[in-house]
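Please read the structure below before turning to the comments.
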Number of protein chains: 2
Amino acid sequence: MPRAQTAAPPATTRPTGSKPPRPKTDRRSEILAAAQRCFVRSGFHGASMHDICNEAGMSPGNLYRYFPSKEALIAGIAERDRAEVAQEFASADLSRGFFAVLEGMAYHHFSERPDEQVKLCTEIMSEARRHPEIARISAAFDADVRKWLIDLLRAGADRGDIARDLDFDAVTTMLMVIADGVWWRRALEPNFDAKALLPIFMDITRHMLGSRTANRVRAKEGAG
Amino acid sequence: MPRAQTAAPPATTRPTGSKPPRPKTDRRSEILAAAQRCFVRSGFHGASMHDICNEAGMSPGNLYRYFPSKEALIAGIAERDRAEVAQEFASADLSRGFFAVLEGMAYHHFSERPDEQVKLCTEIMSEARRHPEIARISAAFDADVRKWLIDLLRAGADRGDIARDLDFDAVTTMLMVIADGVWWRRALEPNFDAKALLPIFMDITRHMLGSRTANRVRAKEGAG
DNA sequence: TCTTTGAGAATGAACGTTCATTCTCTTGAT
DNA sequence: ATCAAGAGAATGAACGTTCATTCTCAAAGA
């Protein structure tokens, strides 16, 4: 059972601090990019460390100076993607109206995000079932997304774009479920046209968030 | 690159043809059940053939008389599950009303199907990306489900339970996407309460299938 | 009834390979 | 001379798979 530390870069000591000593871009990023290509091509278990070394143009001994294990590579990729998504949510601009923002994000998720990332995501999820460290990262990722989504919904409610008495938790869960499902299908069906689903997605979302129906908070049953 | 044949049972020669020679239940089923437990516990790659042999109470040599490779085990499980789901769809009884049937099936899918099968499903899907034979089985599975769902919708429309001018393909895709998403979350979040989503799911489904909105078939744009 | 026979079921040690990881050595800049 | 950066052969464990062999037992022959 291999260890799961994320391993700091191999001493980025810049003591005298004169000129930048890195002619190429950050070595760690290069390695992660190479690993990503290999994982997408052959899967986490199908890709050997030698494959990844070749792809990165680097010897095994050297690669291990940057990442302590194969698992740390997947963990590194997951963490990097998490930062990227954080960026996307942080840049949401509600002044265009709630549904415009949501549709933009949906379009991005359904269509713009490259297939590479979608496939990689399934690899990460599969490994999350086995490696606690990866499970931790992906659970944290998930909690982040949920929080951002709920904040977005609350802000939309404040603006009056959507109903105020929603069961925000349930609605958020449903949105995430749909998003997950879309990615699962994208990963599995090479020619799946997710963006064709956008109209219907926006339609049911408007319904969920706006009309007076089952997804509202209700008084708890069983009370006197 | 291992072969992918599904391997017939090891010669069920019954030449004289008198009494049934099987004292125990079918050996192949026992092996699949053992493999399923191992795959759920450790994943496809985490479970070794020796693990599976132990779980099945059988030596490797003997196990290989029933299945020609590890891959054939996953393929066998996938095929077995496909048959089971076929059963479920075949027994749908529309006389109770379309939405009652749909809600029953959703409840079954969200809650009753055991977590074991859900986890296993993610393993199968992951491997489908690598092994063509497994990809074939799971694509066939998918096509079956899609066909059954569309038939169900058509029947519901004939009964007058749902709208007649739906874009059946798009709606079916959306239903499958949601179903996929629910399973993905069930696999990832150990305490995910899918059945709490049922009301909201039924609500948006009624909306999709009944009201006059974006998910209707429209005249193709651009025509004269 | 007892023995022989033979075929299928099952065994488990061994094989060859693969793979993640480590070790040792070289290079090149300061 | 020192030390980070890198190379690549080496290592050893683990794995899927195979195969020579043994076990079981029902039926045929005596």
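A note on names: the letters A, B, ... follow the listed sequences, proteins ahead of strands, and every chain is numbered from 1. Keep in mind it's a predicted model, so treat the numbers as computed, not measured.
Atom CD1 in B:I31 sits about 11 Å away from atom P in C:dA9, given to the nearest Å. Atom P of nucleotide D:dC15 and atom CG of B:L63 are separated by 16 Å, given to the nearest angstrom. If you take CZ of A:F67 and C1' of C:dT22, they are 19 Å apart, rounded to a whole angstrom. At whole-Å resolution of the value, CG in B:N62 and P in D:dA20 are 17 Å apart.
Of the candidate nucleotides C:dT11, C:dT22, D:dG16, C:dT22 has the atom nearest to the side chain of A:Y64. If you check C:dA10, D:dG16, C:dT21 against the side chain of B:K70, the one that comes closest is D:dG16. Proximity note for B:P60 (side chain, C-beta onward) versus D:dT17, D:dG8, D:dA5: the nearest is D:dT17.
At the phosphate of C:dT11, OP1 or OP2 sits under 4.0 Å from a side-chain N or O atom of B:S59. The shortest distance between the side-chain N/O atoms of B:R65 and the OP1/OP2 oxygens of C:dA9 is below 4.0 Å. Dashed line: the shortest gap from a side-chain N or O of B:Y66 to OP1 or OP2 of C:dA10 is under 4.0 Å.
Judged by distance alone, with hydrogens and angles left aside, the side-chain atoms of B:R113 form no donor-acceptor pair with the main-chain N or O of B:V118 at under 3.5 Å.
Checked against ring-ring contact (aromatic ring centres under 6.0 Å, His included), A:F89 has the following partners two or more places apart in sequence or in another chain: A:W148.
Ring geometry, A:F39 versus A:F44: the interplanar angle falls from 30° to 60°, so the pair is classed tilted. Using a 30° and 60° split on the angle between ring planes, B:H45 and A:H45 fall in the parallel class, below 30°.
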Quick one: do A:R130 and A:E71 satisfy salt bridge (charged side-chain N to carboxylate O under 4.0 Å, His left out)? Show the steps, please.
CA-CA 10 Å; A:R130 279 184 266 303; A:E71 185 197 340; over 6 Å; no

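If you check residues 37-54 of chain B against DNA chain D, the residues with a heavy atom closer than 4.0 Å are B:A47, B:S48, B:M49, B:H50, listed by number.
Under the 3.5 Å distance criterion, with hydrogens and angles disregarded, no donor-acceptor pair is assigned to the side chains of A:R82 and A:S138.
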